[in-house]
Number of protein chains: 2
Amino acid sequence: MFPTFQVRLAGLDPGGDYMLMMDFIPVDDKRYRYAFHSSSWIVAGKADPNSPPRIHVHPDSPNKGAQWMKQVLSFDKLKLTNNQLDDNGHIILNSMHRYQPRFHVVYVNCKGEDATATENFSTFVFPETKFTAVTAYQNHRITQLKIASNPFAKGFRDCDPDEW
Amino acid sequence: MFPTFQVRLAGLDPGGDYMLMMDFIPVDDKRYRYAFHSSSWIVAGKADPNSPPRIHVHPDSPNKGAQWMKQVLSFDKLKLTNNQLDDNGHIILNSMHRYQPRFHVVYVNCKGEDATATENFSTFVFPETKFTAVTAYQNHRITQLKIASNPFAKGFRDCDPDEW
DNA sequence: GCATTTTCACCTAGGTGTCAAGTT
DNA sequence: AACTTGACACCTAGGTGAAAATGC
């Protein structure tokens, strides 16, 4: 997923253990298609059936609050797929559907026998991170934006990288 | 470090938390040089002063016993340096000195307040992994062995990779 | 004279959009 | 007609020993 979801954490218990996670929930029960004449997405019917939702656990989990708060966190290992039979633990999405990423902070208290009974969750949603999943870009300006900002797409840039 | 230190674990508590670590201890208090005429290492004086020893923690730590036992463990992120002022957390060694890698399994019991009081260690030493640290290979057969076995050195192979 | 560092061509490994071909 | 897949050239990022340059 590019751009990568990045976040800075504050207010954690420095010595406590936390797991950080992300998941993706459908924004609505609709399927979309892109109307080129109006350059906008329009509803194209009811949503396709979706696989059981998956959760991406940040690979540095679990870790101390102090460690998580030290720097900006990046979910750069998170991968998306449209393959409903995916076997790599990637997040499964339906193409041409809208999704809202969610960020979860899980406090892991291991003092008790039954760990789950003492876990605390906080979930954060940033509405500006909603997106439509595609297998091919529908809008040339999105293509140009990603070519301009993703280092791996440098080979497609027209002019000097410093000019961007 | 190549070849990478790899090990398989058995007999852990599947639900318990473990940290896996490696460190490197001097084999003796000597400095060596390579005698080309006899193709062997000979003592060349007393050991140079060494920096405070560092410990490499396997980056997947901490993790459950069940997880550690699932596959062969590889310490492929472990890096060596001769830079006594290293700031990257690498293992600091003296060139032309002999070292013995050690492997540590640490059981992390977090039920008590003072975690260190309830930790249990096991240390494993494989004498066949002893080596002499160098900045340049002293023996052409070592060079050829590494060219033959390290995928990143394919550019230096003489014949078809399949023949090796 | 020996040991170390630096630069280099050559790899591995994998993330980009393009374009042609395939699918529904 | 709309959507998806796979091969591809072109990148990033970084691990090899060779050879030249530097240090002691």
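Proteins come first, then strands; the chains are lettered A, B, ... in the order of their sequence lines, and each starts at number 1. On a predicted model such as this, the values are computed, not experimentally measured, just so you know.
Relative orientation of the A/Tyr34 and A/Trp41 rings is perpendicular, given thresholds of 30° and 60° on the angle between their planes. Taking the six-membered ring for Trp and thresholds of 30 and 60 degrees, A/Phe103 and A/Phe75 have ring planes more than 60 degrees apart, a perpendicular arrangement.
Between the CZ atom of B/Arg33 and the C1' atom of D/dC24 there is a distance of 16 Å, given to the nearest Å. Going from atom CG of B/Asn94 over to atom C1' of C/dA3 covers 13 Å, rounded to whole Å. Summarising the geometry, the separation between CG on A/Leu145 and P on C/dT16 is reported as 14 Å, rounded to the nearest angstrom. Straight-line distance from the NZ atom of B/Lys77 to the C1' atom of D/dA13: 13 Å, rounded to whole Å. Rounded to whole Å, atom P of C/dT16 lies 11 Å from atom CG of A/Leu80. Taking atom CG of A/Leu78 as the reference point, atom P of C/dG15 lies 13 Å away to the nearest angstrom. The CZ-P distance, from A/Phe75 to C/dG15, rounds to 18 Å in whole Å. Per the geometry, CE belonging to B/Met1 stands 11 Å off P belonging to D/dT16, to the nearest Å.
Side-chain contact between B/Val105 and B/Leu12: present, with at least one pair of heavy atoms (C-beta onward) separated by less than 4.5 Å. For the pair A/Arg31 and A/His97, the minimum side-chain heavy-atom distance is below 4.5 Å.
Proximity of B/Ser95 to the phosphate of C/dT4: a side-chain N or O atom is located under 4.0 Å from OP1 or OP2. OP1 or OP2 of C/dT12 lies within a sub-4.0 Å distance of a side-chain N or O belonging to B/Lys154. In this model, the phosphate group of D/dT5 is approached by a side-chain N or O of A/Asn82 to a distance below 4.0 Å at OP1 or OP2.
Taking both residues in full, the closest heavy atoms of B/Leu78 and B/Leu80 are given as CD2-CD2, 3.6 Å, listed atom of the first, atom of the second, then distance. Closest approach of B/Pro127 and B/Val125 over heavy atoms only: CD-O, 3.5 Å.
Counted by atom type alone, B/Asn94 and B/Gln84 present one or more donor-acceptor pairs between their side chains at under 3.5 Å.
Mapping B/Gly155 and B/Phe36 onto DNA chain C via the closest heavy atom, the residue that lands nearer the 5' end is B/Phe36. Summary of the strand contacts: B/Tyr34 and B/Phe152 both lie near DNA chain C, and taking for each the nucleotide with the nearest heavy atom, the more 5' one is attributed to B/Tyr34.
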Hey, what are the protein-to-nucleotides 17-20 of chain D N/O distances that come in under 3.5 Å?
from: D/dG17; atom 1: OP1; to: B/Tyr137; atom 2: OH; distance (Å): 2.5
from: D/dG17; atom 1: OP2; to: B/Tyr137; atom 2: OH; distance (Å): 3.3

